[in-house]
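Okay, structure first, notes after.
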Amino acid sequence: MRATELYAPTLRESPAEAELLSHKLMFRAGLIRKAAGGMYTYLPLAWRTMKKIMQIIREEMDAAGGQELMMPITQPAEIWRESGRWAVYGPEMMRLKDRHGREFCLGPTHEEMITTLVRGEVRSYKQLPLMLYQMQNKYRDEIRPRFGLMRSREFVMKDLYSFDKDVDGMNISYQKMYDAYTKIFTRCGLKFRAVEADNGAIGGGHSHEFTVLAPSGESNIAYCESCDYAASDEKAELKIIRAEVEEMKPLEKISTPNAHTIELVKNYLGVPIEKTIKAVAFQDDDGKLILAFVRGDHEVNEIKVLNATGALHLHMAEESAINAVGGSAGFMSPIGLKDGAAIVVDATVMEMYNAVAGANEADAHFINVNPRRDFDAAKIIVADIRMVQAGDPCPHCGAELKMTRGIEVGQVFTLGSKYSKSLNATFLDESGKETYFEMGCYGIGVGRTMAAAIEQNNDADGIIWTRAIAPFEVVVVPVNAKDAAQLEYAEKIYDELKAAGVDVLLDDRKERAGVKFKDCDLIGYPLRVTVSPKTLDSGNVEVKIRKSGEMLNFNRAECVDKVLDLLKNL
RNA sequence: CGGGGUUUAGCGCAGUUUGGUUAGCGCGUCUGCCUUGGGAGCAGAAGGUCGUGAGUUCAAAUCUCACAACUCCGACCA
């Protein structure tokens with residue numbers, strides 16, 4: 001491909017609307033243009049990369065036993081009504097009617113489609129397991145599309161659905177997909193983690209989110225470098241931290257004027273923050289007061305509180321609700337409260353000795369609080385309710401956890417028989433019994449993967465593609481394309497590289513060298529082969545590695561081999 | 001949906017407070033010259049329903065009202 005024929009409109013400045021680095025770079029490098037909020041055109045460079053990502057996905061899906069097919073984007077309302085999700089999905093689903101007034105949606109996902117496809121056709125356990133997948137546009141009318149391809153309303157997604165005769169089979173399929181995903185993102189050159197995720201409502205099975213580690217990501221991840229543990233901050237389990245055993249001193253109430261925050265209490269009393277107990281007051285949808293207690297230097301994890309109490313939603317408590325149980329905002333503890341509130345105490349708090357906690361009246365605290373002695377065990381729930389922090393011990397191996405942000409690019413989860421039941425999809429098992437399929441569902445956001453790769457690999461000059469997903473692997477640049485000798489020299493190298501199977505671009509534009517170099521760096525081709533009067537005279541070529549900035553000189557005769565060599569490590 | 005902000009040439013912006021000729025600037029684009037190892041220089045040119053609609057006024061990018069799109073912050077997710 002020649003740059004004079006390539007449609008890659010680069011920009012010096014990025015449009016004001018682009019916020020995220022990858023979004024700006026995709027705009028500037030001529031990868032995408034916006035058509036409407038959350039809807040983008042993929043220009044040739046982006047589409048080349050997307051096709052490479054899709055090819056990697058395809059190869060790994062096929063290797064794992066998947067078969068590609070293509071389903072309609074437009075789906076009839078009736079199958080969604082049958083599964084019950086027509087009502088459940090809400091405004092996020094793009095809905096439309098045909099000329100007869102029949103209702104359709106633009107598929108946000110394809111469980112209904114695939115399940116109704118399979119249910120009439122697969123009748124015997126002998127036809128299982130079955131893994132079917134497709135790659136195509138999906139539609140979700142996001143509340144707030146943003147960050148370019150990171151959160152768009154129309155996006156390319158690979159989704160595979162597995163059908164098994166039993167749970168064991170489903171788990172095998174799950175593991176195959178888990179392994180395939182690991183290969184896919186590794187081949188794409190991404191630093192990522194398979195993060196334990198929560199999918200309680202969906203099927204109670206396993207779920208992992210494949211998350212690319214990048215500081216601009218939307219989710220918080222706790223991960224361990226000593227083992228492969230990783231979890232979202234909301235999900236991360238925490239072990240109890242045991243305090244040093246002390247003799248329990250007598251409980252005592254003391255005056256702490258205006259010390260309504262942990263910081264103030266700590267300073268006023270001159271105690272370490274690890275010796276304080278903090279209260280956070282919530283109310284659930286019914287207005288029931290939920291008091292959560294954690295160590296002063298810890299934060300409450302609301303999701304864990306939800307799980308511990310069975311509440312569906314939490315919001316900050318009204319002061320009147322606190323007063324109703326005899327509490328006082330800023331001076332709360334479980335000691336001596338009236339009934340009516342759910343009291344959840346973090347397991348680590350129970351291990352504390354001679355701590356400081358509120359006295360349930362304004363401007364007073366208890367000292368020498370010993371939860372195991374002073375809390376009424378019958379009235380409290382003890383659970384892990386704290387939010388993970390960097391430095392907490394890994395629940396698997398005990399090493400210190402690190403925190404980072406991540407971009408979720410794929411998710412695998414087991415569905416069990418949720419959809420096969422709601423859509424009545426059955427087969428006959430070995431004993432001739434009618435049985436529901438055990439299903440799994442596995443998605444990858446293709447555009448998001450591209451965006452995440454850029455987010456993770458860039459510098460001040462632009463994108464740095466890894467070879468596997470670069471729009472072109474190599475660009476050959478004659479410094480002055482108006483010079484016939486240079487152009488011819490460059491064309492020869494270009495032809496040889498092409499013949500050697502390299503995905504190569506010839507930048508034959510009659511632009512100044514600086515312009516072309518800037519564009520090369522911005523677009524981020526892994527290797528640049530430069531032809532100039534100097535290299536012509538010396539019979540050499542110069543090769544620049546985009547990632548390291550390294551400049552290498554090779555003899556003309558060996559340059560194709562050297563480029564092939566270099567590509568192996570990019 | 002709630003709360004802010006923005007909307008003027010392909011892109012980035014000024015001008016709006018205090019209404020007043022022909023609406024500017026930088027980048028990009030086009031032509032010519034020059035230049036050819038990091039978005040160089042000189043000369044010239046094209047390019048605008050000032051988001052849309054109504055209103056106030058002798059006169060509106062500028063004031064008023066409505067609407068729309070975009071965008072940021074909060075409740076959702078490949």
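Quick note on labels: first sequence line is chain A, next is B, and so on, each numbered from 1.
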Selected nucleotide, minimal atom distance to [X] side chain, candidates [options]:
| X | options | value |
| --- | --- | --- |
| A:Arg144 | B:C73, B:G37, B:C1 | B:C73 |
| A:Thr535 | B:G38, B:G37, B:U36 | B:G37 |
| A:Glu542 | B:U36, B:C72, B:G37 | B:G37 |

Base partner of B:G19, which must satisfy Watson-Crick or wobble distances under 3.5 Å: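 Per the H-bond distance test, none.
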
Check: A:Trp80 ring centroid to A:Tyr89 ring centroid under 6.0 Å: yes

Give the rounded distance in Å between these two atoms: [atom1] of [X] and [atom2] of [N].
| X | N | atom1 | atom2 | answer |
| --- | --- | --- | --- | --- |
| A:Glu19 | B:U71 | CD | P | 11 Å |
| A:Leu11 | B:G28 | CG | P | 12 Å |
| A:Asp519 | B:G37 | CG | P | 17 Å |
| A:Phe413 | B:A78 | CZ | C1' | 10 Å |

cation_pi(A:Arg33, A:Tyr40) dist<6.0 Å, angle<=45: no

Geometric cation-pi criterion A:Arg48 and A:Phe472, 6.0 Å radius, 45° cone: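 Verdict for A:Phe472: a cation-pi partner in A:Arg48.
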
Distance-only side-chain donor-acceptor flag, A:His208 / A:Tyr174, under 3.5 Å: yes

Side-chain donor-acceptor contact under 3.5 Å, A:Glu111 with A:Tyr419: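 No donor-acceptor contact under 3.5 Å links the two side chains.
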
Any A:Lys34 side-chain N or O less than 4.0 Å from OP1/OP2 of B:U71: yes

Presence of A:Arg146 side-chain N/O under 4.0 Å of B:C77 phosphate oxygens OP1/OP2: no

Below 3.5 Å, does any donor atom in the side chain of [X] face an acceptor in the base of [N], or the other way round?
| X | N | value |
| --- | --- | --- |
| A:Lys482 | B:U35 | yes |
| A:Glu13 | B:G26 | yes |
| A:Asp521 | B:G38 | yes |

Which part of the nucleic acid, if any, lies within contact of [X], taking any heavy atom under 4.0 Å across all strands shown: a base, the sugar-phosphate backbone alone, or nothing?
| X | answer |
| --- | --- |
| A:Ser14 | sugar-phosphate |
| A:Leu522 | base |
| A:Val515 | base |

